[in-house]
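Residue numbering restarts at 1 for every chain, and letters A, B, ... go by the order of the sequence lines. Atoms considered below: every heavy atom in the structure, side chains included; atoms not considered: hydrogens, waters and symmetry mates.
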There are 2 protein chains.
Amino acid sequence: MTMSPPELFKCLADETRVRIVLLVARESELCVCELTEALEVSQPKISRHLAQLRACQLLEDRRQGQWVYYRLHPQLPEWARAVVKVTGQANTDWLMETAGRLAQMGDRPTRVARCGQLT
Amino acid sequence: MTMSPPELFKCLADETRVRIVLLVARESELCVCELTEALEVSQPKISRHLAQLRACQLLEDRRQGQWVYYRLHPQLPEWARAVVKVTGQANTDWLMETAGRLAQMGDRPTRVARCGQLT
DNA sequence: TTCGCATATACGGAATAGCATATATCAAAT
DNA sequence: ATTTGATATATGCTATTCCGTATATGCGAA
């Protein structure tokens, strides 16, 4: 896959979108409802940004039952991955500011429970 | 200095601006006329983008005679510097595509000559 | 001071991006 | 088949961004 610098940076130029990408990178994989809760923004808003991140090949989605999980696109170029990594690592405080419930990630039980859904 | 991820990425979300930043990082320091020639864009356009990069503290300017030189801001956070570095290194081909005359950087004489100005 | 070059800013219009609300799709459960 | 919860898309609007042209400023040379 190929991706020019401005293409990548346009994707990351919106606060909601960077937060999504950094959180997903940090957690390996997150579903829409987790992101909606973590960032405390409306579902359509999250969804629109996710569509954009999918379109530019930054994220990949995987449907599992009623949930859709997002992760970094496996073919994301190394340098882009490095950009995400270094940014996330150097900005954990900023990231967690708005990470809502996701902040206490360690003590959450199953992913299903996280989504407020049972079994 | 502090700089949030979306702040940095907004600066880099424009093709002209990333090119400026990557070239400046690569060359340590460049003046406006060099950038204008290298990127082959109008002078006001370059200047406007430079003003923006100055405003967000990504670049610092230094006046020397009639020229104004730009370099990465000395207090730019490490992670931002790392983002610029890894992006530049992984995209030299893309960078040089539009780097015009600056492409033959090795064989240029003095900076003054580069600007098409004598002594 | 006046001229010429390098650089910066102002202004108006065109294009783009982001948002809220409403609606559609799709899978699981009943 | 109908309902319900999860996710996606459409629509209409506002706000922001970017650009070209014109103009201003700052500096050095004459």
### Query
Out of D:dC19, C:dA20, C:dA8, which has the shortest distance to the side chain of B:Val68?
C:dA8
### No-hydrogen, no-angle side-chain donor-acceptor test under 3.5 Å, B:Arg54 and B:Tyr70
yes
### Message
Could you measure the distance from the CG atom of A:Leu39 to the NE2 atom of A:His49? Nearest 0.5 Å is fine.
### Response
10.0 Å
### Lys/Arg cation over aromatic A:Trp94: A:Arg19, 6.0 Å, 45° cone
yes
### Query
Separation of A:Lys10 atom NZ from D:dT17 atom P, in whole Å?
13 Å
### Message
Measuring from the side chain of A:Gln43 (C-beta onward, heavy atoms only), which nucleotide among D:dA8, C:dA8, C:dG18 has the closest atom?
### Response
D:dA8
### Query
Could you state the CD-P distance from A:Glu7 to C:dA17, rounded to the nearest angstrom?
12 Å
### Task
Send over the distance from B:Arg62 CZ to C:dT7 P, rounded to a whole Å.
12 Å
### Message
Rounded to whole Å, how long is the line connecting atom CG of A:Leu39 with atom P of C:dC19?
### Response
12 Å
### Message
I need the CD1-P distance between B:Ile46 and C:dT9, as an integer number of Å.
### Response
15 Å
#### Entry: Whole angstrom value for the distance that separates P of C:dT16 from CD of B:Glu15
14 Å
### Query
Across the strands shown, which category fits B:Gln64 at heavy-atom distances under 4.0 angstrom: base, sugar-phosphate, nothing?
nothing
### Task
When you get a sec, tell me which of C:dT7, D:dC18, D:dC19 is the closest nucleotide to the side chain of B:Trp67?
C:dT7
### Query
Which residue lies toward the 5' end of DNA chain D, B:Gln52 or B:Pro44, if each is placed at its nearest nucleotide?
B:Gln52
### Summary
Quick note, B:Leu50 side chain, CB onward, closest among C:dA8, C:dG18, D:dC18 is C:dA8
### Query
Taking only N and O in the side chain of A:Arg63, is any of them less than 4.0 Å away from OP1 or OP2 of D:dA8?
no
### Query
Can you check whether B:His49 has a side-chain N or O nearer than 4.0 Å to OP1 or OP2 of D:dT17?
no
### Sugar-phosphate, base or nothing in reach of A:Arg48, heavy atoms under 4.0 Å
base
### Query
When the ring planes of A:Phe9 and B:Phe9 are compared, do they come out parallel, tilted or perpendicular, using 30° and 60° as the limits?
parallel
### Task
For B:Tyr69 and C:dT7, give me the distance from atom OH to atom C1', rounded to whole Å.
13 Å
### Message
Quick check against the 3.5 Å criterion: does A:Arg17 have a side-chain atom that pairs as donor or acceptor with the backbone of A:Ile46?
### Response
no
### Passing option when B:Glu29 is tested against B:Arg62, B:Glu60, B:Glu34 for side-chain contact (heavy atoms from CB on, under 4.5 Å)
B:Arg62
#### Entry: Minimum-distance nucleotide to B:Asp14 side chain [options: D:dC19, D:dG20, C:dA8]
D:dC19
## Note on the structure
Taken to the nearest whole Å, CG/B:Asp61 to C1'/C:dA6 is 14 Å
### Query
Is the distance from OP1 or OP2 of C:dA8 to the nearest side-chain N or O of B:Tyr70 less than 4.0 Å?
yes
### Message
Can you tell me which nucleotide in D:dA6, D:dG28, D:dA8 comes closest to the side chain of B:Gln66?
### Response
D:dG28
#### Entry: Residue A:Ser47, side-chain heavy atoms: nucleotide from D:dA8, C:dT7, C:dG18 that is nearest
D:dA8
### Task
Side chain of B:Lys45 only, please: which of C:dT7, C:dA20, D:dG20 is the nearest?
D:dG20
